[in-house]
There are 2 protein chains.
Amino acid sequence: MATHEFVEMFRERCRERGLTFTHQRQVIYQAVMSAKDHPTPEAVYEKVRRRIPSISLGAVYKNINTFIVAGLLKEVSLHHGTLRVDANLGAHHHLVRNVCGSIVDLDEHDVEPARVRTKLPSGFRVERQNVEIVGICESCVRKQSSQ
Amino acid sequence: MATHEFVEMFRERCRERGLTFTHQRQVIYQAVMSAKDHPTPEAVYEKVRRRIPSISLGAVYKNINTFIVAGLLKEVSLHHGTLRVDANLGAHHHLVRNVCGSIVDLDEHDVEPARVRTKLPSGFRVERQNVEIVGICESCVRKQSSQ
DNA sequence: CTAGCTGCAAAGTCTTTGCCAGGAA
DNA sequence: TTCCTGGCAAAGACTTTGCAGCTAG
């Protein structure tokens, strides 16, 4: 995509969601979009700094959060804020409640594993797979609808 | 399991791994084992404090880390330390490299989703599923074997 | 007795917040 | 002009570290 096209597309997405278009936002968004991996805010900051040396890390955080709230970006992990400890050493999967944050186990035998139909990067050795079934529990549904 | 049995089992696990058995460790381990969800260090601390009021949060952190290194406990998320941003809004899955931490996308169509064969908690509404294929990449294998 | 652990407090990350000057609409 | 944003610095949350006294083996 040409730079001009990208800028216009971003301008349109900002308009749709009522966000002010700024140069900083455009560069931050492009930095995330062009990353193959899923960068940390620090990595985004380093990338943006090459084009806007005066950018602050705080602005990167603020805008990443703004974009997440606006639905322009997502977080990879639902529970990155704090360590979660697991005493279940066997293979198992997780049922994650995306509102209250509670995580409970699903036994390995209750989940038929996902199958990958594509070729993985050469030399990649699969050790295991984690499946997260993400949703909302009954009591959170009630709380939301009673608001 | 009776308390006495549990203590002996834990004492044995400590012996196997060369860890000193202490009352604090035993209570911390039991607090995690008995939790249905996957508690945060803070939650473990609160639980342990009911039995050992003098326990410090630092001791809880130190021991959780000791247990993880010893293989007695695991972390739920491989990337909880910092936010990871995802610009791919469509359904997709992740290939996670557990040594270097890099995360790349797997297209939704390249993964046949997992299927849950058990009954989920009543009223739980599934929104999506995340599949993480976890392993080690070629360059990390080389680095490890050259050490 | 010795090594290793505990509690305490200080320090270190990662992230958010408050403020004011400056830019977008 | 009016509102919102950006940069800066301080504060806040989560976690680790250093140390002196105490406990397990």
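In what follows, chains carry the letters A, B, and so on, assigned in the order in which the sequence lines appear, proteins first and then strands, with residues in each chain numbered from 1. Owing to the predicted nature of the structure, the values given are computational and were not obtained by experimental measurement.
With sequence neighbours left out, B:Gln129 forms a side chain to side chain contact (heavy atoms under 4.5 Å, CB included) with A:Val131, A:Ile133, B:His93, B:Pro113, B:Ala114, B:Val131. Remark: A:Glu16 engages no residue in a side-chain hydrogen bond (donor to acceptor under 3.5 Å, both in side chains) (not counting sequence neighbours). Residues meeting the side-chain hydrogen bond (donor to acceptor under 3.5 Å, both in side chains) test with B:Arg15, sequence neighbours left out: B:Glu12. Among residues two or more places apart in sequence or in another chain, the side-chain hydrogen bond (donor to acceptor under 3.5 Å, both in side chains) test is passed with A:Arg84 by none. For B:Arg125, there are no side-chain hydrogen bond (donor to acceptor under 3.5 Å, both in side chains) partners, not counting sequence neighbours. By the ring-ring contact (aromatic ring centres under 6.0 Å, His included) test, A:His92 is found to be paired with A:His94, residues two or more places apart in sequence or in another chain being considered.
At least one side-chain heavy atom of A:Tyr29 sits under 4.5 Å from a side-chain heavy atom of A:Leu73. Residues B:Thr20 and B:Arg25 form a side-chain contact, since some pair of their non-hydrogen atoms from C-beta on lies under 4.5 Å apart.
Contacts of residues 26-33 of chain B with DNA chain C (heavy atom under 4.0 Å): none. Less than 4.0 Å separates DNA chain D from at least one heavy atom of each of the following residues of residues 45-55 of chain A: A:Ser54, A:Ile55.
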For a quick check, with a 4.0 angstrom heavy-atom cut-off, what is the B/S/- contact string for nucleotides 10-17 of chain C, read 5' to 3'? ----SSBB
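With 3.5 Å as the limit, one finds a donor-acceptor pair spanning the side chains of B:Asn98 and A:Glu127.
Residue pairs meeting the side chain to side chain donor-acceptor pair (under 3.5 Å) criterion with at least one member in residues 42-55 of chain A, sequence neighbours excluded: A:Gln30-A:Arg51, A:Ser34-A:Lys47, A:Glu46-A:Arg49. Legend: salt bridge (charged side-chain N to carboxylate O under 4.0 Å, His left out) pairs involving residues 60-78 of chain B, not counting sequence neighbours: none detected.
For D:dT5, the OP1/OP2 oxygens have no side-chain nitrogen or oxygen of A:Asn63 closer than 4.0 Å.
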Can you pull every protein N or O that's under 3.5 Å from an N or O on nucleotides 21-25 of chain D?
unit_1 : atom_1 : unit_2  : atom_2 : d
D:dA24 : O3'    : B:Phe21 : O      : 3.3

